[in-house]
Number of protein chains: 2
Amino acid sequence: MAVPTGAATGRREQILTVAARLFAKHGFHGVSIADLGAAVGVSGPALYRHFPGKEALLAEMLVGISEHLLAGGRERAATGGDARATLEALVDFHLDFALTSPDLIVVQDRDLANLPPEPRRKVRLLQRTYVEIWVEVLREITPGLQPEAARIAAHGTFGLLNSTPHSGARGSTREVATLLRDMALTALTTLPAA
Amino acid sequence: MAVPTGAATGRREQILTVAARLFAKHGFHGVSIADLGAAVGVSGPALYRHFPGKEALLAEMLVGISEHLLAGGRERAATGGDARATLEALVDFHLDFALTSPDLIVVQDRDLANLPPEPRRKVRLLQRTYVEIWVEVLREITPGLQPEAARIAAHGTFGLLNSTPHSGARGSTREVATLLRDMALTALTTLPAA
DNA sequence: CCGCTGCGTTAGCGGGCGTTAACCGGCTAC
DNA sequence: GTAGCCGGTTAACGCCCGCTAACGCAGCGG
């Protein structure tokens, strides 16, 4: 159930992990089945023993990401503490994911367009639901905040928190985390009520 | 000299504009030369009358973007007002670019990896120089701010400001702009001095 | 009038890709 | 011990793509 990029237990997990790394670096169309096979130590068509095709592999990866995010978001939102605490939990959760699995973050918003229509709609739905969790919390914190404004603020925050793959993120992870965390919380707790 | 996606004057400009739109939607490898030709009304190999190849086209697009950003950044930084005003100008400039040319924003950080080595290094250099402008201003505003922290904050802010393509950005552009502008400025002016 | 240049066209080549086919060795169940 | 699945292999097919070749034709300078 551990979605984050970690050590691979079975072949399927290993393939998904390696594929995430390669897709993040070269893009979906920039990685061939042969490349991917070579990277896991088998070669070429062996992958078809584990996935029905290249797009299905991408689909499983992206759906897994969105489901993981949504599940984590729901979990944090369900604790029922005050809204400010919930927001902090959401930020920490999202940031942890972004720092732990930068490959998945990159692939997530780069190769969504390469999904077949059906899984794409599924991912979009999951993402939208995830955003709505944030919107609810934000509107609880800032009364009068319009839903559309909250949505834009949430997307902006994702951009902020997901920026670590771009910045190299060399400094010790802990420091990066607290910096971005504080930036996000500061920005989100001073939204205009209008 | 107008880099932003606008009406196309000559064929070259038209091709670049259309290519930006298609690349943003389908990714560099997801758009064929034939697709691109069809989208501008000519077909296929006619593009080779204007660009030496597909990668060169991408290179010109990405180099143009980074040069535009760097030039705009330098311009704002050169006015010599106080740092806070400079920062506001930088945010406004970057945000205006992101809102005016969402296609270029998307292509910029998605297809950098598809550039041939030499233009890629050039783009990276331009980007790094652009970031350093922000870093200087941030460190002027927040004394004691470490360069690496400023860099991370700058990248995070770019992620925030560049998030509009993801959020659909339906609300009237002006409102989106002021919302993201305020979020960015709030976050950047409360960075820890440590 | 002639030829050059600019900008198109269609035909075709070469290579790479996703995918399928056919085959095969090693576990494990019965 | 043998049947069968599981997860590999190599060979090959068909498609699509980037790119080149060869040609055509309007416009214009001499």
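Worth knowing before you read on, the calculation uses all heavy atoms, side chains too, and leaves out hydrogens, waters and symmetry mates. Chain A is the first sequence line, chain B the second, and so forth, proteins listed ahead of strands; every chain is numbered from 1.
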*Can you spot which of B:Lys54, B:Arg120, B:His29 makes a side-chain hydrogen bond (donor to acceptor under 3.5 Å, both in side chains) with B:Asn114?*
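Single pass found, and it is B:His29.
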_Checking B:Asn162 against B:His94: is there a side-chain donor and acceptor pair closer than 3.5 Å?_
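B:Asn162 and B:His94 do have a side-chain donor-acceptor pair below 3.5 Å.
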_Exercise: do B:Gln127 and B:Arg124 side chains pair donor with acceptor under 3.5 Å_ =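 The answer is no; no qualifying pair exists.
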_Worked verdict on A:Arg128 versus A:Glu132 for salt bridge (Lys or Arg N to Asp or Glu O under 4.0 Å)_ = CA-CA 6 Å; A:Arg128 236 175 300 141; A:Glu132 288 315 305; over 6 Å; no
_Along DNA chain C, first and last positions that approach a heavy atom of chain B under 4.0 Å_ =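 So the outermost contacting nucleotides come out as C:dC7 to C:dA11.
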*asked:* Measuring from atom CG of B:Leu58 to atom CG of B:Leu115, what distance do you get when rounded to the nearest 0.5 angstrom?
replied: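 If we round to the nearest 0.5 Å, B:Leu58:CG and B:Leu115:CG are 4.5 Å apart.
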*Is A:Glu118 salt-bridged to A:Lys122, going by a charged N under 4.0 Å from an acidic O?*
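Salt bridge between A:Glu118 and A:Lys122, a charged N being under 4.0 Å from a carboxylate O: no.
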_Would B:Arg12 and B:Phe51 count as a cation-pi pair here, with the cationic atom under 6.0 angstrom from the ring centre and within 45° of the axis?_
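That pair qualifies as a cation-pi contact.
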*Summarise protein proximity over nucleotides 14-27 of chain D in one line of letters, 5' to 3': B for base, S for sugar-phosphate only, - for none, counting protein heavy atoms closer than 4.0 Å.*
---SSBB-BB----
